[in-house]
Asks: 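Here it is: the structure, laid out below.
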Number of protein chains: 2
Amino acid sequence: MPTPAAAIATRAYAPLPPSGKWKDDADTHRPVSILSTLGAVVGYDRNAEIYGEDASAEHVYVVLSGAVRICKLLGDGRRQIEAFCLPGDVFGWEASGRHRFSAESVCDTKVVRIKRSMLFARASDDAELSHALWSLTVAELHRAQNHLLVLGRKNAQERVATFLVDIAARSGASTDEVLLPMSRQDIADYLGLTIETVSRTLTHLEERGAIALPSSRRVVLRDRNALRQLNS
Amino acid sequence: MPTPAAAIATRAYAPLPPSGKWKDDADTHRPVSILSTLGAVVGYDRNAEIYGEDASAEHVYVVLSGAVRICKLLGDGRRQIEAFCLPGDVFGWEASGRHRFSAESVCDTKVVRIKRSMLFARASDDAELSHALWSLTVAELHRAQNHLLVLGRKNAQERVATFLVDIAARSGASTDEVLLPMSRQDIADYLGLTIETVSRTLTHLEERGAIALPSSRRVVLRDRNALRQLNS
DNA sequence: CGGCGTTTTGATGTATATCAATGCCAGTGG
DNA sequence: CCACTGGCATTGATATACATCAAAACGCCG
């Protein structure tokens with residue numbers, strides 16, 4: 001199951017030379033609008049490090065456009081992506097003063113960067129803000145808990161199907177076509193699989209007629225019922 | 001990987017006839033003391049349901065003694081335990097008004113049950129309480145995120161070792177002997193393994209000299225370095 | 001067109017699941 | 001006090017989903 005030894009060498013996890021590509025969206029859809037006004041917009045190229053594991057936690061971030069992966073490395077190079085953050089998502093919460101994961105842009109990405117100290121200062125006499133912070137954190141907890149179920153008890157097909165449905169819902173696409181900002185390796189590390197298994201599973205879902213793959217980063221959800229069935 | 005079809009029939013997940021057994025501890029160790037004063041103590045027998053999936057969320061709970069499992073069932077009977085809550089832990093947070101998991105006592109258990117409405121009312125003009133709620137939620141998020149790494153990228157030995165070290169640390173035992181309140185099935189459903197694999201892995205760790213098993217519920221951590229090594 | 005990073009496909013291996021006994025207590029009743 | 005029972009836990013034999021290793025194929029950019 002694990003990826004052994006020299007994995008770091010062959011799998012380029014470290015932020016790569018950027019070569020941007022992805023669409024802007026530029027507007028938040030969710031009740032994080034309160035936050036978005038409290039910080040400055042920052043842009044990142046593809047595969048840039050936003051912060052590293054153990055970095056001191058100075059800011060909280062709201063995604064405006066693009067996508068961010070939150071991840072953790074094991075000593076031997078195995079990587080787990082805890083979450084993908086899409087426009088409207090918030091990341092960077094920490095109880096201690098240090099980040100326990102790293103955050104990297106998946107593609108060209110814009111975020112609002114908010115000083116934690118400022119945020120907490122305001123929250124201490126703004127009950128509404130304070131409640132907003134809490135409920136955003138709860139939302140993230142819920143996402144993590146759902147993902148636990150996926151990683152603990154679902155097989156490859158179910159994992160991929162769940163992933164596709166989730167991304168489709170969150171990217172708020174009105175059509176059935178989803179654009180995946182992340183690579184197969186990212187998906188694999190998110191779903192606790194290997195890149196080969198992700199690829200094979202996608203082609204298998206295509207053969208079953210559940211999806212279509214006009215290109216590797218574009219997925220059409222053909223049979224949502226079939227996919228939903230793989231969700232529980 | 002998945003447990004198919006008739007699993008529900010053979011694996012008795014539904015709350016069983018109680019037949020209590022486990023030690024009291026009766027005092028909170030953690031900075032939840034603020035909360036403990038805000039609700040009433042409630043006791044549960046072994047394997048009692050504290051709340052079910054989709055139940056409306058009226059309360060938040062603090063564990064005083066015993067242990068609680070937070071879990072979710074898949075349609076076909078596969079179960080994932082999201083967390084074990086030990087004395088001092090808080091559970092029952094929800095953003096919506098419904099519980100998204102069920103909570104069951106693992107053994108005889110005492111909790112403080114606090115009305116959510118009351119808690120939030122107070123929090124809205126008590127910045128300290130409000131911050132406490134938030135940081136408890138963040139702590140739980142962190143726990144879930146750590147667990148994601150375990151489920152996504154660790155093998156059976158690493159999972160079990162991580163589990164033992166974690167439980168030992170959290171149960172605050174001064175010695176190297178840990179008393180496990182939960183069954184092998186519970187451990188398996190927490191670690192995303194089967195009961196057989198958990199059992200085999202434990203005996204394997206014993207053969208390696210990393211642990212000793214004087215009885216099935218008692219584990220002695222003999223070689224913490226070996227165990228820690230399996231942690232990263 | 002040529003090269004490089006990524007994805008797909010194929011052949012094989014292995015960790016863990018599954019199926020099936022057997023063993024171990026703790027509690028119960030004769 | 002001892003046989004009997006019913007939950008758990010352990011152990012063994014076998015199956016399988018996914019990982020691993022290796023090689024094409026694709027797509028993009030220079």
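Owing to the predicted nature of the structure, the values given are computational and were not obtained by experimental measurement. Labels below follow one simple rule: chain letters A, B, ... track the order of the sequence lines, proteins then strands, and each chain is numbered from 1.
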Asks: Let's see if you can work this out: which of C:dT7, C:dT16, D:dC8 has an atom nearest to the side-chain heavy atoms of A:R184?
Replies: C:dT7

Asks: Run the salt-bridge test on A:R222 and A:D176 with the 4.0 Å N-O cut-off and return the result as yes or no.
Replies: no

Asks: Provide, to the nearest angstrom, the distance between the CZ atom belonging to A:R78 and the C1' atom belonging to D:dA19.
Replies: 13 Å

Asks: Could you check how far CZ of A:R153 sits from C1' of C:dT16, rounded to whole Å?
Replies: 11 Å

Asks: Looking only at the side chain of A:T203 (C-beta and beyond, no hydrogens), which of the listed nucleotides D:dT10, C:dT9, C:dT8 gets closest?
Replies: C:dT9

Asks: What is the distance from CG of A:L193 to P of C:dT7, rounded to the nearest Å?
Replies: 15 Å

Asks: So does B:S216 get a side-chain nitrogen or oxygen closer than 4.0 Å to the phosphate oxygens (OP1/OP2) of C:dC24?
Replies: no

Asks: Return no unless some side-chain N or O of B:T194 is found under 4.0 Å from OP1 or OP2 of C:dT16.
Replies: no

Asks: Give a yes/no on whether any side-chain N or O of A:T197 is located under 4.0 angstrom from OP1 or OP2 of D:dA19.
Replies: yes

Asks: Does C:dT7 have OP1 or OP2 sitting under 4.0 Å from an N or O in the side chain of A:R217?
Replies: yes

Asks: Using the closest heavy atom to pick a nucleotide of DNA chain C for each, name whichever of A:S183 or B:R200 lands nearer the 5' end.
Replies: A:S183

Asks: Between atom CZ of B:R153 and atom CG of A:D76, what is the distance when rounded to the nearest 0.5 Å?
Replies: 10.5 Å

Asks: Would you kindly give the CG-to-P distance between A:L191 and D:dC18, to the nearest whole Å?
Replies: 12 Å

Asks: In terms of side-chain geometry, is the basic nitrogen of A:R78 or B:E158 positioned less than 4.0 Å from the acidic oxygen of its partner?
Replies: yes

Asks: May I ask you to verify if any side-chain N or O of A:S215 is less than 4.0 angstrom from the OP1 or OP2 atom of D:dG27?
Replies: no

Asks: Calculate the interatomic distance between A:N155 atom CG and D:dA19 atom C1'; express it in whole Å.
Replies: 15 Å

Asks: Suppose the criterion is ring pair (Phe, Tyr, Trp, His ring centres under 6.0 Å): which pairs have a residue in residues 210-232 of chain A, not counting sequence neighbours?
Replies: none

Asks: Figure out the CZ/C1' separation between A:R46 and C:dT6, and round it to whole Å.
Replies: 10 Å

Asks: May I have the distance from B:L202 (atom CG) to C:dT16 (atom P), rounded to whole angstrom?
Replies: 14 Å

Asks: What residues, two or more places apart in sequence or in another chain, satisfy side chain to side chain contact (heavy atoms under 4.5 Å, CB included) together with B:S56?
Replies: B:E58, B:R98

Asks: Is B:E196 side chain donor-acceptor paired with the C:dC19 base, going by distance under 3.5 Å alone?
Replies: yes

Asks: Just the rounded figure in Å: distance from P of D:dT11 to NE2 of B:H204.
Replies: 13 Å

